[in-house]
Every structure is written in structure tokens, then in C-alpha cells.
Amino acid sequence: MHTVITFGTFDVFHIGHLNILERAHALGNRLIVGVSSDALNLRKKGRLPVYSQQERMAIIRGMKYVDHVFLEESLELKADYIEAHHAKMLVMGDDWKGKFDHLSSLCEVVYLDRTPTISTTSIIEVIKQR
Ligand code: CTP
């Protein structure tokens, strides 16, 4: 079993999110996704996501590329989550490049190129301006 794990907020689900889930899924045979909690987002970004953690988890769980979803309560617990889920590979977007290299003693760490020009933040800005 080659388990791949990835993490994210996945708020206002968009094509960049779908692309990274599809590519992470292709790197193993089981994909586990840690969806960051509302409280974690409030702490780190100073605002709550538009969609609640229950909604964001339900959307990710509904993706055909995803085998299991859990709530990521702290950015500092990645090593614990990797071990608890027996992940062989951690996949992150390259906005995190280098930030998780210290976890390579636990599993392979892979950074994938982000899909250009789209983000949750930019979608919210576009909607605000309409
Ligand atoms: N991601 C991606 N391509 C994008 C946007 C996101 O590959 N254009 C990836 C991120 O690298 C991350 C995952 O999708 O691995 C979840 O990203 P998240 O931070 O939830 O999405 P963003 O759109 O970057 O959100 P924000 O604008 O709030 O930072």
C-alpha cells in the first residue's frame, strides 16, 4: 500500500485544488487529505474560510481521487499525521517548497507545481468586484 498524504484549506473549491488532488492520487494508490480546521485558518490567516470545515471536508471526501479525509487541527502536527496514517509520501503545492524537507526522514516529500493564476483569495476578490 503506497499511501500519499496532502493538506490544505480547500475553501471555495477550484480547478487548482482538483489538479493537485488528481496528481497526488496518481503518485500512489491511496490518497489521504488533511483539511485544515476553521480555528486553524482563523489563527493563521486572520479570517474564517467561506465554507465551514464540515462543508470543505464533505466536498473533498466526495472527490473520486480521495480515499480518506481528516481534520488538520495544527500545522505543527504534520509528523504525527504522517505516522498515524502510515503515509509513504507527503505532497504539497510548491508554495510550500522547502518548508517540509525536515519530514523526509519519515516519508518522501514532493512539491507539485501550483496551477497558474488561480487561488481561493483571487476568486473572492473577483466576486467582490462584480
Ligand atoms: N493549489 C494548487 N494550485 C493553485 C491553488 C492551490 O496546486 N492554483 C494547491 C496548494 O498548493 C495546496 C492545495 O492546493 O497544496 C490547497 O491549497 P489552499 O491553500 O487551500 O488553496 P489556495 O487557493 O492557495 O488558497 P488561498 O488563496 O486562501 O491561499
Side-chain angles (χ1 to χ4, degrees):
M1 180 68 71
H2 192 291
T3 299
V4 177
I5 194 165
T6 192
F7 296 86
T9 306
F10 300 102
D11 190 24
V12 188
F13 194 87
H14 60 67
I15 192 69
H17 294 152
L18 186 66
N19 286 341
I20 199 161
L21 294 177
E22 180 178 9
R23 287 178 296 159
H25 166 86
L27 293 173
N29 53 20
R30 180 170 151 80
L31 178 61
I32 297 190
V33 183
V35 171
S36 59
S37 71
D38 290 342
L40 170 53
N41 279 277
L42 190 56
R43 277 201 311 276
K44 299 288 173 183
K45 296 188 183 174
R47 67 169 172 84
L48 282 172
V50 176
Y51 300 165
S52 71
Q53 63 192 35
Q54 287 83 1
E55 291 166 334
R56 291 181 289 112
M57 288 176 79
I59 290 166
I60 300 302
R61 198 178 290 118
M63 297 285 141
K64 69 175 176 184
Y65 304 118
V66 175
D67 297 288
H68 181 69
V69 175
F70 67 95
L71 197 63
E72 181 190 24
E73 311 252 25
S74 163
L75 294 181
E76 288 74 41
L77 289 177
K78 289 219 168 34
D80 300 79
Y81 295 130
I82 288 166
E83 290 191 321
H85 294 285
H86 307 290
K88 296 278 182 290
M89 183 187 284
L90 168 65
V91 169
M92 299 295 295
D94 66 358
D95 42 329
W96 294 98
K97 197 156 201 151
K99 300 257 168 59
F100 296 105
D101 290 356
H102 60 284
L103 297 171
S104 57
S105 55
L106 292 178
C107 68
E108 194 178 344
V109 179
V110 174
Y111 304 97
L112 296 180
D113 289 347
R114 278 171 71 91
T115 302
T117 73
I118 190 160
S119 69
T120 298
T121 306
S122 69
I123 293 169
I124 292 171
E125 283 308 312
V126 167
I127 293 169
K128 269 190 197 163
Q129 281 160 23
R130 289 200 174 169

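Numbering of ligands and ligand atoms starts at 1, following listing order.
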- Query: Is the backbone N or O of Asp11 less than 3.5 Å from a side-chain atom of Thr9, with the two atoms forming a donor-acceptor pair by type?
  - Reply: no
- Message: With nothing but distance in play, are any N or O atoms of Asp113 less than 3.5 Å from an N or O of ligand 1?
- Response: no
- Message: Within the 4.0 Å heavy-atom shell around Ile118, which atoms of ligand 1 are there?
- Response: 4 (C), 5 (C), 8 (N)
- Indicate yes or no: does an N/O atom of His17 lie under 3.5 Å from an N/O atom of ligand 1? yes
- Just need the protein heavy atom nearest to atom 28 (O) of ligand 1, so name the residue and atom and give the distance. Lys45 NZ, 3.1 Å
- Query: Closest non-hydrogen protein atom to atom 11 (O) of ligand 1, residue and atom name please, with distance?
  - Reply: Asp95 OD1, 2.8 Å
- Query: Where the side chain of Arg114 meets the backbone of Ile20, is there a donor-acceptor pair that is under 3.5 Å apart?
  - Reply: no
- Top protein contact for atom 26 (P) of ligand 1, by heavy-atom distance: Thr121 OG1, 3.4 Å
- Could you say whether the N/O atoms of Ser122 and ligand 1 ever approach to under 3.5 Å? no
- Going by heavy-atom distance to atom 3 (N) of ligand 1, choose the closest among Ile124, Thr115, Val91. Thr115
- Query: Under 4.0 Å from ligand 1, counting heavy atoms only, is it the side chain of Thr6, its backbone, both or neither?
  - Reply: neither
- Task: Run the contact test for Asn19 against ligand 1 with a 4.0 Å cut-off on heavy atoms, strictly below, and give the result.
- Result: no
- Task: Please work out whether the ring planes of His14 and His17 are parallel, tilted or perpendicular, with thresholds of 30° and 60°.
- Result: parallel
- Item | Distance from atom 20 (O) of ligand 1 to nearest protein heavy atom, with residue and atom | Phe10 N, 2.8 Å
- Item | Those atoms of ligand 1 less than 4.0 Å from some heavy atom in Thr9 | 20 (O)
- Message: For ligand 1, which is the ligand I care about here, please tell me if Asp94 has any N or O atom under 3.5 Å from one of the ligand's N or O atoms.
- Response: no
- Is there a donor in the side chain of Thr115 and an acceptor in the side chain of Asn19, or the other way round, less than 3.5 Å apart? yes
- Message: Give me the residue, atom name and distance of the protein heavy atom closest to atom 7 (O) of ligand 1.
- Response: Arg114 CA, 3.5 Å
- Met89 side chain reached by Cys107 side chain, heavy atoms, under 4.5 Å: no
- Query: Would you call Arg30 and Asp67 a salt bridge, using N to O less than 4.0 angstrom?
  - Reply: no
- Between His85 and Thr3 the two heavy atoms that sit nearest each other are O-CG2, 3.9 Å
- Task: Output yes when the distance from some N or O of ligand 1 to some N or O of Arg23 is under 3.5 Å, and no in every other case.
- Result: no
- Closest approach of Ile5 and Ala87, non-hydrogen atoms and distance? CG2-CB, 3.6 Å
- Counting only heavy atoms, which portion of Ile20 has something under 4.0 Å from ligand 1: side chain, backbone, both, or neither? side chain
- Query: CD1 of Ile60 to CG of Leu21: how many Å apart, nearest 0.5 Å?
  - Reply: 5.5 Å
- Message: How close do Ala79 and Leu106 get, counting heavy atoms only, and between which atoms?
- Response: CB-CD1, 3.6 Å
